[in-house]
Amino acid sequence: MTLFHRYLLLAALILLADQATKLMILANFELYEHVALAPFLNLTLVYNPGAAFSFLAGASGWQKWFFILLALGISVWIVIMLKRHPERRRENIALSLIMGGALGNTVDRLAYGKVVDFIDFHIWPVFNLADTSITLGAALLLLDAWLSGRARNKANVSP
């Protein structure tokens with residue numbers, strides 16, 4: 001299996017895990033029903049018609065198609081980047097995490113018209129595994145940029 005295919009497999013596993021957890025929640029919870037797992041953590045079924053932090057949730061419906069097209073466009077770009085630069089492992093793992101999460105939320109938008117969220121830490125908006133994957137991917141991209149910049153700076157410094 002090539003590196004390119006491993007990155008695609010990672011994105012597919014994220015998508016499958018995200019959808020499996022959402023299907024379990026949908027099968028066992030009513031809207032706004034919650035179960036306390038710890039004093040700081042609940043499972044709570046909510047729907048989000050917008051993006052992160054309910055951005056554009058109150059829009060008239062156009063945002064659904066905007067976010068679907070955006071996620072699909074970004075996913076196409078990510079596949080191209082994974083194919084062109086398979087040697088960039090850290091960056092490609094980050095991109096795979098982002099793509100898997102973006103596609104997970106896209107499946108929700110197509111199936112339900114909104115995103116299924118269920119992880120509730122009380123002090124943060126309710127989210128899901130796709131959101132977690134996107135966030136981890138973005139953080140890893142930032143780390144990669146920082147480490148790559150440091151490596152370039154070291155290479156440019158003369159002894």
Spatial distance of atom [atom1] ([X]) from atom [atom2] ([Y]) [nearest 0.5 Å]:
X: Leu82; Y: Glu91; atom1: CG; atom2: CD; answer: 8.5 Å
X: Ile74; Y: Leu95; atom1: CD1; atom2: CG; answer: 10.5 Å
X: Arg84; Y: Phe4; atom1: CZ; atom2: CZ; answer: 12.0 Å
X: Phe40; Y: His122; atom1: CZ; atom2: NE2; answer: 8.5 Å
X: Asn128; Y: Leu45; atom1: CG; atom2: CG; answer: 11.0 Å
X: Met1; Y: Arg6; atom1: CE; atom2: CZ; answer: 7.0 Å

So, the side chain of Gln19 versus the backbone of Val107: is there a donor-acceptor pair under 3.5 Å, distance only?
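Answer holds: no.
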Do [X] and [Y] land in one hydrophobic cluster if side-chain heavy atoms of ILVMFWY residues count as linked below 4.5 Å?
X: Leu41; Y: Met24; answer: no
X: Leu70; Y: Ile68; answer: yes
X: Val115; Y: Leu23; answer: no
X: Leu37; Y: Val116; answer: yes
X: Ile78; Y: Leu9; answer: no

Between Thr132 and Asp18, does the side-chain contact (heavy atoms from CB on, under 4.5 Å) criterion hold? Intermediate values first, please.
CA-CA 10 Å; Thr132 303; Asp18 174 66; over 6 Å; no
Minimum-distance pair of heavy atoms, taken over all atoms of [X] and [Y]:
X: Tyr47; Y: Leu26; answer: OH-CD2, 3.3 Å
X: Ile25; Y: Leu43; answer: CD1-CD1, 4.2 Å
X: Asp120; Y: Trp124; answer: OD1-O, 4.3 Å
X: Ala130; Y: Asn105; answer: CB-OD1, 3.4 Å
X: Thr44; Y: Asn42; answer: OG1-CB, 3.6 Å
X: Phe118; Y: Lys22; answer: CE2-CG, 4.0 Å

Parallel under 30°, tilted from 30 to 60°, perpendicular over 60°: which one fits the rings of Phe121 and Phe127?
parallel
Do [X] and [Y] have side chains that approach each other closer than 4.5 Å (heavy atoms only, starting at C-beta)?
X: Leu129; Y: Ile119; answer: yes
X: Leu103; Y: Leu72; answer: yes
X: Ile93; Y: Tyr7; answer: yes
X: Arg89; Y: Leu3; answer: yes
X: Val46; Y: Tyr32; answer: yes

Electrostatic pair Asp108-Lys114, nearest N-O below 4.0 angstrom:
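No, Asp108 and Lys114 are not salt-bridged.
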Checking side-chain contact (heavy atoms from CB on, under 4.5 Å) against Ile98, which of Ile14, Leu141, Leu136 comes through?
Leu141
Given Ser96 and Leu8, is the side-chain contact (heavy atoms from CB on, under 4.5 Å) satisfied, shown in steps?
CA-CA 7 Å; Ser96 297; Leu8 293 181; over 6 Å; no
Evaluate whether atom CZ of Arg90 has more than 12 neighbouring non-hydrogen atoms of other residues, nucleotides or ligands under 6.0 angstrom away.
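Counting other residues, nucleotides and ligands, CZ of Arg90 exceeds 12 neighbours.
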Determine whether more than 12 heavy atoms belonging to other residues, nucleotides or ligands lie under 6.0 Å from atom CD of Glu30.
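No, because the 6.0 Å sphere around CD of Glu30 holds 12 heavy atoms or fewer from other groups.
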Go through the side-chain N and O atoms of Glu33 and Asn28 and say whether any donor and acceptor fall under 3.5 Å apart.
no
side-chain contact (heavy atoms from CB on, under 4.5 Å) between Val79 and Met99, worked out:
CA-CA 9 Å; Val79 168; Met99 182 169 66; 3.8 Å; yes
